[in-house]
Amino acid sequence: MAGRIHNFNPGPAALPVEVLEEAAESLLDFKGSGMSIMEMSHRSAAFEEILNDAVARLKRLLKLTDDFKVIFMQGGASSQFFMVPMNLIPEGSSADYINTGTWSTKAIKEIEILKKRYKVVASSEDRNFRYIPKDFSFTPGAAYVHITSNNTIKGTQWATFPTTDGQPLVADMSSDILSRPFDAKPFGLIYAGAQKNLGPAGVTVVIIREDMLEREPKNLPTMLRYSTHVSKNSLYNTPPCVNIYMVQLCLKWLEETVGGLEAIARINKEKADLIYGLIDSNPFYKGTADPDSRSLMNVTFRLPSEDLEKKFVAQAGGNGMGGLKGHRSVGGCRASLYNAVTLDAVRDLVAFMKDFAQANA
Ligand SMILES: *Cc1c(COP(=O)(O)O)cnc(C)c1O
């Protein structure tokens, strides 16, 4: 497809061009059905096939055992910040949270509003969330331990997940799900807004272990219960059909074109290493995350001045590279390297960064 830029947006973010091409066709006529994917009933056999295929692919990619259920929800990852404590903390129990940045802080704010009991067992706020904490111990019997696997705004990521004393992990994986393989066994629930690594904005994937469903209180509205969506296979009400279709295409691309999570993890590592390699060898750029906590998905860095950062973002834009401005809350620059961002795009960015440093040092 002509005229596409290198898209380093943090989310909504780059999608594989093959996915966009197939989707473009389906917008006019879905597989010869005589109607658009947007016009199909969510109760049709064709849509159910899409939905079930998406679930099956996600389960295969993540090697999920049958006790894990996959549902598609609305309201973004942000709605999971309250749904998780509403559903998963039994009367009299409390939950542990690790605060590693903006999104964890927002998750904690919601449990606070609900007046549920919780404890922040570790935080990296003391150094503006530049690192992933290493010292923590968990509350015996805690309902779950909540973590944010990748901190999209601060540019840090859990390289390995914490080992609990049996408390299930709950993770916001919005910005690194399917970027690498991991063992799902210690997780009771995983959620992710689609718009970083799974598809366009508008649907949220929730992976929930069956036994977690037994905790839900009796007084929750129907739509706010995980069990409603699990028992109806995400079809209790009208789901965001087109979004689920887009996720299915992205999963198919990841499985069949890329070759799965080991393959994408190698590519993602190579992409991140290219940029961090430059940052570490060129004093013009300064990484903002501690090296042992760096994110492979969102590379955050500063230039010698805010004026140069503005110039960098503008000039990169002029060179066909978009989305490099840091989050408004932290400033600086950020390159988001989600699955659909190609190695070639990153090579071009690194070449541009070298030239820019030389011209402006
Ligand atoms: C983007 C993001 C969110 C917010 O997702 P919404 O779908 O906009 O609610 C939450 N957590 C993380 C880690 C994110 O990257």
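In listed order, ligands and their atoms are each counted from 1.
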Participant: Relative to the heavy atoms of T148, which atoms of ligand 1 are at a distance of less than 4.0 Å?
Facilitator: 13 (C)

Participant: On a heavy-atom basis, I'd like to know which of Q80, Q195, K196 is closest to atom 7 (O) of ligand 1.
Facilitator: Q195

Participant: With distance as the sole test, does D172 use its side chain to make a donor-acceptor pair with the main-chain N or O of S174 at under 3.5 Å?
Facilitator: yes

Participant: Taking distance alone, with N or O pairs closer than 3.5 Å, would you say T152 contacts ligand 1?
Facilitator: yes

Participant: Return the closest protein heavy atom for atom 9 (O) of ligand 1 as residue, atom name and distance.
Facilitator: S78 OG, 2.6 Å

Participant: Are any of the N/O atoms in A77 less than 3.5 Å from those in ligand 1?
Facilitator: yes

Participant: Would you please determine whether N150 falls within less than 4.0 Å of ligand 1 on a heavy-atom basis?
Facilitator: yes

Participant: Please report whether the ring centroid of F187 lies less than 6.0 Å from that of F161.
Facilitator: yes

Participant: Cation-pi check, K109 to W103: give yes when NZ or CZ is under 6.0 Å from the six-membered ring centre and within 45° of the ring axis, no otherwise.
Facilitator: no

Participant: By number and element, which atoms of ligand 1 are closer than 4.0 Å to a non-hydrogen atom of G76?
Facilitator: 7 (O), 9 (O)

Participant: Is it true that D280 and R294 have a side-chain N and a carboxylate O under 4.0 angstrom from each other?
Facilitator: yes

Participant: Salt bridge check: are K252 and E22 linked by an N-O gap of less than 4.0 Å?
Facilitator: yes

Participant: Does R127 pair with D290 as a salt bridge, N-O distance under 4.0 Å?
Facilitator: yes

Participant: Would you mind telling me if ligand 1 is within reach of the side chain of K106, the backbone, both or neither, using heavy atoms under 4.0 Å?
Facilitator: neither

Participant: How close does the nearest protein non-hydrogen atom get to atom 11 (N) of ligand 1, and which residue and atom is it?
Facilitator: D172 OD2, 2.6 Å

Participant: Any luck finding a side-chain donor-acceptor pair between Y97 and Y144 under 3.5 Å?
Facilitator: yes

